[in-house]
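Please read these numbers as outputs of a predicted model, since none were measured by experiment. Lettering follows sequence order; numbering is per chain, from 1.
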2 protein chains.
Amino acid sequence: MRPGTHRPSVPLEHRHVTRRIPQARDRGIPDATVARLPLYLRALNGLAERGTPTVSSEDLAVAAGVNSAKLRKDLSHLGSYGTRGVGYDVQYLIYQISRELGLTQDWAVAIVGVGNLGRALANYGGFASRGFRIAGLLDADPAVVGDRIAGLVVEHTDELESVIAGRAVSIVVIATPATAAQHVCDRVTEAGVTSILNFAPVVLNVPEGVDVRKVDLSIELQILAFHEQRKANGGPIMAEEWPDGVEQVNERSIGASS
Amino acid sequence: MRPGTHRPSVPLEHRHVTRRIPQARDRGIPDATVARLPLYLRALNGLAERGTPTVSSEDLAVAAGVNSAKLRKDLSHLGSYGTRGVGYDVQYLIYQISRELGLTQDWAVAIVGVGNLGRALANYGGFASRGFRIAGLLDADPAVVGDRIAGLVVEHTDELESVIAGRAVSIVVIATPATAAQHVCDRVTEAGVTSILNFAPVVLNVPEGVDVRKVDLSIELQILAFHEQRKANGGPIMAEEWPDGVEQVNERSIGASS
DNA sequence: CTCACTTTGTGCGTAGCTTCACAAAGGCAC
DNA sequence: GTGCCTTTGTGAAGCTACGCACAAAGTGAG
């Protein structure tokens, strides 16, 4: 290896897209805010279904599970869409957030890997309702190719490039085994895709300008386990040694000042 | 940071938690660090399989897709487990991280909701290999109860409390429809569960001390769409008004020609 | 019109996270 | 042992995000 010349290939956390030209019109919305907009959108849709015409930041914040000041600041990044003394018009805000997130247009999504997870995703209703249209299901296993799932026929991964090009796929979901993920990733990025949602438990290496978001079930459970352990015995067991007792006394209280 | 505290910041933005009990014990490991430990663990396991005895922070950082300084600081929160001039002993570090995360013990997990997603989760191999044992599958639909999935027989949700108590379930995965999620959540927290992994697209309301982590497929796609839109047309078009007949019809220049 | 009341939008202090850069610590050759 | 080289562990600086608290802006009654 060559230490020193490594590139932080793909951040787990989505970070700013690579080229951040400080334009005059720097409409940069903080990533943390972007991540919460879908949450607000969902809460707003719930209100809309019940016919609520307007909502205060306080009520919406409760519905979305966040602090109301944070919500107001988030929304202020989109513009000044509220009315003081009244609140926000539900329908109008839904439209504005949708537009900002790009949900007013249709996104063609392809799912690669039609195992259990891929099937679950294909059948998940939450996509279609938000402007995401599943345009293709692909798998490398001939036994699966040809199956009909959620109204689509599974195609072979040989067709990957032509499906992407032919159906204007702009987002690819990788739900393959870990071993195949990087190869699929290489092919789809090569084909021009710049947004990937990865369910495979690997760190994908992508060219600049490609966004990867990762969902990892195992990691979520491990984080829960950490907190559960904390709650259970007020901190990890103080057996800092190897099971059979090596030394390496760990005094990590030193220098731990904030 | 105290137990039970997730601070919303970035990484996989599915987090939302409840309370921050300012308990004593400043042995807190930053949440951001905890969220990355599983990543390091996976990278280390990969190295271990290939027989690598030691690894430098630089190499491990590359494998995990993070900055090496960050990795070192993260590890320093666990203790001083490296050797200057050499690096980290792979096996030893695996053990230390596992212990810190609580993976040296066995966690009984119950999955509620055996739809497409629940099945996928039940069949997902990544759990068992990390100390998570699926101890129960439950569903409210009589048509599903009795099915055998991944070696387990699906039980009716009526049995929820007895399954949790009888099999020492400490983590519950909610994979039900959104409408049922809060009810299930209430019952499992009432039964003493304090760690929940929620796949339902709702904000769960939980008592203090209960950790909820959320995975939301739709939200991930929406965040990708936002960035994709940015890349496509350098920011949303300035049609701030209602579609009033004139919507921002900017069909993104399709064609994989990019 | 004026006043009382509601709710937004935001300045600001603070806390936490990331990254740099370097001294300290250990191994290795001889 | 001595000196050189590698790599860790961490102070310190810079960013980003959070949330309080309040002025500004709007509503509605009389």
Side-chain angles (χ1 to χ4, degrees), chain A residues 1-4 6-8 11-16 20 28-36 40 53-62 64-89 92-93 96 248 250-258, chain B residues 1-2 5-11 13 15-17 20 22 26 28-37 40 53-62 64-90 92-93 96:
Chain A
M1 316 284 173
R2 269 179 309 158
H6 102 277
R7 290 225 147 281
L12 169 64
E13 48 265 289
H14 74 305
R15 43 172 216 192
H16 271 315
R20 228 180 155 311
I29 298 180
D31 285 345
T33 293
V34 172
R36 282 187 295 265
Y40 305 153
T54 64
V55 65
S56 70
S57 64
E58 185 60 39
D59 291 351
L60 184 54
V62 169
V66 303
N67 175 300
S68 71
K70 180 153 60 180
L71 183 140
R72 286 197 299 277
K73 187 157 289 186
D74 282 345
L75 294 184
S76 78
H77 284 112
L78 310 192
S80 230
Y81 297 141
T83 306
R84 295 173 193 230
V86 176
Y88 300 89
D89 181 284
Y92 186 57
L93 196 52
Q96 289 298 347
Q248 180 107 22
N250 143 309
E251 278 298 337
R252 42 148 273 106
S253 17
I254 312 173
S257 56
S258 317
Chain B
M1 187 122 304
R2 297 107 206 136
T5 306
H6 296 334
R7 276 297 76 219
S9 49
V10 146
E13 200 44 53
R15 62 196 17 312
H16 156 59
V17 187
R20 102 190 73 246
D26 194 24
I29 297 179
D31 285 344
T33 294
V34 173
R36 282 186 295 265
L37 290 180
Y40 304 153
T54 63
V55 66
S56 70
S57 63
E58 184 60 36
D59 291 350
L60 184 54
V62 170
V66 302
N67 176 301
S68 71
K70 180 152 60 178
L71 184 141
R72 286 197 299 277
K73 185 151 284 186
D74 282 345
L75 294 184
S76 78
H77 284 111
L78 310 191
S80 225
Y81 297 141
T83 304
R84 294 174 194 231
V86 176
Y88 300 90
D89 181 285
V90 172
Y92 187 57
L93 197 51
Q96 290 298 345

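Counting only heavy atoms from C-beta outward, the side chains of Tyr81(B) and Leu75(B) never approach each other to under 4.5 Å. Leu78(B) is listed as a side-chain neighbour of Leu37(B), based on a closest heavy-atom distance under 4.5 Å.
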Could you go step by step and tell me if Val66(B) and Asp74(B) meet the side chain to side chain contact (heavy atoms under 4.5 Å, CB included) rule? CA-CA 11 Å; Val66(B) 302; Asp74(B) 282 345; over 6 Å; no

Provide a list of protein-nucleic acid N or O atom pairs under 3.5 angstrom, restricted to nucleotides 25-27 of chain C.
residue : atom : partner  : partner atom : Å
dA25(C) : O4'  : Arg84(B) : NE           : 3.4

Got a list of protein N/O to nucleotides 1-4 of chain C N/O distances below 3.5 Å?
none

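To the nearest 0.5 angstrom, Tyr88(A) atom OH is 12.0 Å from Thr54(A) atom OG1. Arg36(A) CZ to Lys73(A) NZ: the interatomic distance, rounded to the nearest 0.5 Å, is 11.0 Å. Annotation: the span from Asp89(A) atom CG to Thr83(A) atom OG1 amounts to 8.0 Å, rounded to 0.5 Å. Annotation: the span from Arg72(B) atom CZ to Ser56(B) atom OG amounts to 9.0 Å, rounded to 0.5 Å.
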Strand DNA chain D in bracket notation, Watson-Crick/G-U under 3.5 Å with | for pairs to another chain: ||||||||||||||||||||||||||||||

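Protein atom CG of Asp74(B) is 13 Å distant from nucleotide atom P of dT10(D), rounded to whole Å. Nucleotide dG9(C) holds its P atom 15 Å from the CG atom of Asn67(A), rounded to whole Å. When rounded to the nearest whole Å, the span between NZ of Lys70(A) and P of dA21(D) equals 17 Å. In this structure, CG of Leu60(A) is placed 13 Å from C1' of dT8(C), rounded to the nearest angstrom. dT7(D) atom C1' lies 14 Å from atom CG of Leu93(B), rounded to whole Å. In this structure, the OH atom of Tyr81(A) is 19 Å from the C1' atom of dG26(D), given to the nearest Å. Distance, Glu58(B) CD to dC5(D) P: 20 Å, rounded to whole Å. Atom NE2 of His77(B) and atom P of dT10(D) are 9 Å apart (whole Å).
Closest approach of His77(B) and Thr33(B) over heavy atoms only: ND1-OG1, 3.9 Å. The shortest non-hydrogen separation linking Ser57(B) to Ser68(B) is O-CB, 3.9 Å. Counting all heavy atoms, side chain and backbone alike, Leu60(A) lies closest to Val55(A) at N-CG2, 3.7 Å.
The side chain of Ser57(B) contributes an N or O atom lying less than 4.0 Å from OP1 or OP2 of dT8(D). Side-chain N/O atoms of Tyr88(B) include one lying less than 4.0 angstrom from OP1 or OP2 on dG9(D).
Judged by distance alone, with hydrogens and angles left aside, Lys73(A) brings no side-chain donor or acceptor close enough to the base of dG9(C) to form a pair under 3.5 Å.
The side chain of Ala69(B) lies closest to dC20(C), out of dC20(C), dC20(D), dC18(D). The side chain of Arg72(B) lies closest to dG9(D) when the candidates are dT10(C), dT7(C), dG9(D). Closest to the side chain of Ser76(A), from the set dT19(C), dT10(C), dT8(D), is dT10(C). Set against dC17(C), dC22(C), dT19(C), the side chain of Asp31(B) has dC17(C) as its closest nucleotide.
Within the nucleic acid shown, Thr33(A) has no heavy atom closer than 4.0 Å to any nucleic acid atom.
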